[in-house]
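Note on naming: letters A, B, ... go to the chains in the order of the sequence lines (proteins, then strands), and numbering restarts at 1 for each one.
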Amino acid sequence: MRSAACVLLLALVAPAAQAYYANRAEVAAATEAAASEAKAYSQSALIVAALQQALLQSTVEPLHAEARMQQLLLQLRDAPASAAARALVLDLLDHSPRTFTDAVDPEQRRRTVPAFEIAGGARAVLRGWDDRSAQARYRDALAQADFATLRAADNPRVLAELIGAADSAELSLLQQADLPQTAARFALFERSADADIARTLLRDAPEATTQQLASTVAQRLPAATALALLGDAQVHERRRSAARLAIGTLVADHAPARAYLLSTLGDAHGASSAAALARNLDGVTLAALAAMLAAGNDDAGTRHALLALRLSDDPRATAQLRAYADDPAQPAALRDEVRAWLD
Amino acid sequence: VAGLKPIAVAVLAAFTCCAQAQLLTLTETGSGENEVPLGYPVPQPVDSLDAVDGFRSYGSLRARLAALALDSADISERQIGSTRENRDILAYVLGDADATTPEGLPEPAALINGTIHAREWASPEVVAGLIERFAERAGDGGLYRYLLDHLNLIVIPVLNVDGFLHTQRTPALAVNSEAGDAIPAGVRPEYRNYPRDGRLRRKNMRDVDGDVCPAETAGCMNGVDLNRNSDSQFFGSSNQNSDNPQSIVYRGPSRASEPETLALYAAADLAPRERLRFYVDVHSFARLFFGVNTGAARRDAITATLVQRMSAATGKGAGHYPYDAAPPDYGIGSTDEYFGYGLQIPAYTLEIEPRSSAAEYGGFGYHHDGFILPDSEIARVRRELADALVLGLYRMAGPPALIKAEIRERDGNRVVYRAHWQPSGTGRTLQTEIAEPLAAQTGYRLWLAFNKPMRVRDAQGEVVAYTGQTAPLAPAIAIEGLSANGASFRSDLATDAQGWHAEPGDATDAALRYADDAYAVDFELPANLPLADARRLNLRVDVQDLSGQALDANPATPVDWAAGWSGYEDGDSRDGTDTGGPDRSLRIVDDGAPPAGPGSGGGAFGAFGLLAALWLRRRSCRSAS
C-alpha cells in the first residue's frame, strides 16, 4: 500500500523532476557514504522503509537518494522476499534515472549517462529472489522424484545449476526425468557424457543456449564417438562450422578425424574443414594437402586446401604455398591469389 | 639517461600503480566478492566461421574472411601491416578489379575500420558482417553489384589484433585499477578506477606481457590508445589524451608511433587515399555517430545529413543513432579527425549500441557492461548496421544522374526520341540520335535510365523503400516546353512504382545495367498542348535515389568530391548547393537556347543564361529608344 502511495506521489511530482548532473568523484563519494549507511540495515522491513524514503527523496536530492537506493537494493538481494519488498522492487523496475554523470568511455566526450541503474538493480534483486525460489522448488521436486515439476521448470538456468551440483544419486534421477529444457539437457550431457543427448542437441537445439556444445562434445566423448556425432549429416546447419572446428581438435589423436576433414574440404562447409586442419597442422596433414594440390585442379577442394595452408602459422605451410605459386602446372588464377598472400 | 627513464617510470609504476588493482570476474548472476553480475550470460568467443548469435573468436573471423576472399572475385585480402606481437593486420578490398566505373569515370573509395579498441567486441562482428553481406549479395544484379562496380571499399575488421586476442583469452576476467593515471589539476578524474585489462582492455599491447596479464601488476595497464595516436594536429592536444603510458588514453610516444596506426594509413593508401570520400571507425558503445566539424561548411552539412539517413536505415528512425560533432579546431587525436580534416570527407566514430548500458537489454546495469553486448543482440545489430553502412556507401558513391532516354510510339514501336550522355574525358557529352516532334493524343512509351539502381525490392519482388528511407517510389516526370510565342507549357505524366525494371536487358523495357536503374511509363499528351509549333520541348525528370538524393541536374559535369559535391548541379544549374534537382537536359525539340540560370523561374542553366537574358533585354531597350 505504502509502495503504491509512493508511486502515486512520484507520478505527480515526476514531470517536475529535473535531471541532475554529478561528476564521477561526487558519484563515488555518494556511493561510499550510502554503502556505509546501508550496512546498518539488516532486516527486510527496515530496508524497505529506507528504500521508500530514498525513493521519495530522489526527486529533490537525486544524487544521495539514488546512491542510497542502489546500496539498499544490494542489501535487499540477500533478504527474504516479503510481499512489501517485492511490490516495491517491482515498482522500481520502471524507475527513470535522475542523476546523470559522465560516460565511462573516454571516447564519449560530453555525453552523460545515468549514474545509478536503479531499474537494473531492481531486476537483479528480483532475479535473485526468483532464482532462490526456483532452486528450492526444484530441490524439493528432485527429493520427491517429482518429474512433472522438473519437466515444467521455467527457470532452465537454475535447473542446469542444480544438475551441475547434483550427486550421483540425484543425477541418476535427473537422467530419468526426460527433461525437455535445452540448458538442462546440455548440463546433463556435461555431467553424464551421454552421446544420445549430445546427438539430439547437435541436431535440434537453438544455438544461443549451447554455443560451446560442439567443443564440449569433442572434449567429453571418446574421439570415435565424437567424430560420428560431429560429422553427422543431420547436425543443425548453423552448427556445422562449429562441429568441423571441434573435429579439428581430435586430429592429433584420431587419424579418422583428419581423413574426415580432408574429405570434406570441397563441400559447403569446406572452409571450416580448412580452418580446423590449419589449427592442427602436422606433417601428415601437410603431405595430404600437398597430394591434393598436386592434381592441379581449381575446384572448391583445392581452394580450401590452399586456405588451410594460408591459415596456418607453420613455416612449412608457407613453403608449400610458395612452391605452389611457382609451379607453372597450377591454375594461373590460383597462383596469382597465392602470390598475393605471400607478397 | 634517456634509457633509464622508462625503467624509472616502470619502477615508480610498480609501487604506485596497483595498490588498488583488483581482479574481477564477470558473471551472469553471481554476486560474490569481486564478482560482477551482468544479468545475462557472459559472452564467450565462439569457434564458428558462420555468423552465430554470439561473438566469434578471432581465429574464426580470420578464417571466415579469408575463405570469402578466396571464393569471391570481388573480395581480396591484403596485409597492411604487422602488430607489435608480429601478427598480420589484414584489410579486405571489396570491388571489381578496375579503378573506373562502367561509365569510365574514376571510382570513389571508402574505408571502414574495426576493433581499434580491443574490448569492443561488437565492432569486428559488425565490420565482418558488412563483408559477409557483400559476399552474399554480390550477385544481386542491383544495389550490391552497383556498389562493387562503382566503389573501392577497404575494410579492416580488426586493427588491434593483439589487444583483441588478449581480451578473448580471458573473456570473463577484468582488472579494475586506478593504475597510475596521473590526473592533472583541473582535469576530471573520470578515467580512474576503471577496468582496464583482461576482457576490458582498450589499448594495444605495447609494453604488456600477455603471458602475465591480466593480473594485478603494473605492466598490464600499459599500451597505447590507438584512437589517440593519429598523425594529426591534435596529437598531444591534452584533450582526453595523456602522455602517461598507463593512462587508458595514452597517446603513445609520438605521432603514428604504433604499427596499427601505420597499418590504417596503408589501408587508406590502398583505396587510394585521394579517392576516399567516406570513413567510419566502428566502436562501441553509445549508439551514436561522433564526428568533427572541420569548418568546411558543405562537408560538415553533408556529414550531418548522412548520419540521419544511415540512422534511419537501421529501421529505428533518423534519430536512433544521433550525430555528435566536435567543434572546429577541437580534437583528441582520433582517426575520424585524421580523415575528416585531412581529406575533408565525412568521417565518423560510429559507436554501436547500447546507448547507456546493457540495462537496455535487461541487464543489471554494471557501469562497463555497454562493452559487453549480450550474445542475443549481436545478430540484429549486425543486420541493422550493415543496412545503415550500405546506405552510407550508396549515398557517398555519388548522386544519381539520368544518362539515357528513349521514346517510342506504342503502336508500331517506332523510336521518336533517343539520347544518352556519353562519357568524354572527365565529362559527358549529350548524344541525341533521334529527336522527332511529339504529337498530341498519340500513345508513347518513355524509358529512362539512370547511372545507379534507384530502388530495391522485397522478397516478393515488389518495389519498396530501402529501410527507413522516405523517397517517393515513383519519379515525377513531365513534358514541358515553350510555344512559338514563348509561353511555357507542361504536362505531368502519371507515374507509379511499377515502372521500375528489375532485369537488365537490351530492350528499353528492361533495366540498363542494374536492377531498378531504369523506369518506363506510357503516356499520351493532351490535345490542347501547342506541340506542333513548339520551339522547345524537353523532359523534366525529378526523382530521388533510394537514399533520397536528387538528380544531378546537369550530367555533363559528372559528380565528384571536393569538400562537398562538385559537378552536382541543382535545378537552377548551380553547383555547390549539394541538393541536386530536376533534370531538364534532354530536349526533344531544341531551340538552341542555353540552359536558364538561377532565378529564371522554371528554367535551368546558370549564369550564362542570365547574361544572355540581360544582353537581350539591353538590345530590346536600345531598339525601343
Please enumerate all residues that pass side chain to side chain contact (heavy atoms under 4.5 Å, CB included) together with Ala66(B), with sequence neighbours excluded. Leu307(A), Leu311(A), Arg62(B), Glu77(B)
Measure Ser60(B) against the heavy atoms of chain A and call it side chain, backbone, both or neither at under 4.5 Å. both
Got a second to check how far Tyr138(A)'s OH is from Ser133(A)'s OG, nearest 0.5 Å? 8.0 Å
Which bit of Arg119(B) comes within less than 4.5 Å of chain A, counting heavy atoms only: side chain, backbone, both or neither? side chain
Contact leader toward chain A among Gly363(B), Gly39(B), Pro37(B), where contacts are heavy-atom pairs under 4.5 Å: Gly363(B)
Chain B heavy atoms under 4.5 Å from Ser272(A): which part of the residue, side chain, backbone, both or neither? both
Top residue by heavy-atom pair count (under 4.5 Å) with chain A, among Ala69(B), Ser376(B), Gly362(B)? Gly362(B)
Tell me yes or no: between the side chains of Thr335(B) and Ser230(B), is some donor less than 3.5 Å from an acceptor? no
Give, as side chain, backbone, both or neither, the part of Ala340(A) having an atom under 4.5 angstrom from any heavy atom of chain B. side chain
Most contact-rich option vs chain A, by heavy-atom pairs under 4.5 angstrom, among Asn239(B), Asp375(B), Asp225(B), Asn227(B), is Asn227(B)
Between Gln240(B) and Ser237(B), do the side chains contain a donor N or O and an acceptor N or O under 3.5 Å apart? no
Residue, of Arg78(B), Arg64(B), His117(B), that accumulates the most heavy atom pairs under 4.5 Å with chain A: His117(B)
Heavy-atom pairs under 4.5 Å with chain B, option from Arg123(A), Glu117(A), His269(A) with the top count: Arg123(A)
Quick one: CH2 on Trp129(A) to CG on Leu76(A), what's the gap to the nearest 0.5 Å? 4.0 Å
In terms of heavy-atom pairs under 4.5 Å with chain A, the winner among Leu288(B), Thr29(B), Asp88(B) is Thr29(B)
Among all residues two or more places apart in sequence or in another chain, which pass the side chain to side chain donor-acceptor pair (under 3.5 Å) test with Glu377(B)? Arg380(B)
Residue among Arg240(A), Arg244(A), Glu337(A) with most heavy-atom pairs under 4.5 Å to chain B: Glu337(A)
Highest number of heavy-atom pairs under 4.5 Å with chain A among Ser31(B), Gly370(B), Gly59(B) belongs to Ser31(B)
Engaged part of Pro45(B) at the chain A interface, taking heavy atoms whose separation is under 4.5 Å: backbone
Using non-hydrogen atoms and a 4.5 Å limit, figure out which bit of Leu90(B) sits close to chain A: side chain, backbone, both or neither. side chain
Exercise: do Asn241(B) and Arg251(B) side chains pair donor with acceptor under 3.5 Å: yes
Could you tell me whether the side chains of Asp267(A) and Thr264(A) share a donor-acceptor contact shorter than 3.5 Å? no
Report the C-alpha distance between Glu28(B) and Arg127(A) in whole Å, list the side-chain angles of each, state the deciding distance to 0.1 Å, and finish with yes or no for salt bridge (charged side-chain N to carboxylate O under 4.0 Å, His left out). CA-CA 11 Å; Glu28(B) 181 174 354; Arg127(A) 181 89 81 92; 3.4 Å; yes
Can you say whether Asp78(A) sits under 4.5 Å from chain B via the side chain, the backbone, both, or neither, judging by heavy atoms? neither
Go through the side-chain N and O atoms of Tyr250(B) and Asn229(B) and say whether any donor and acceptor fall under 3.5 Å apart. no
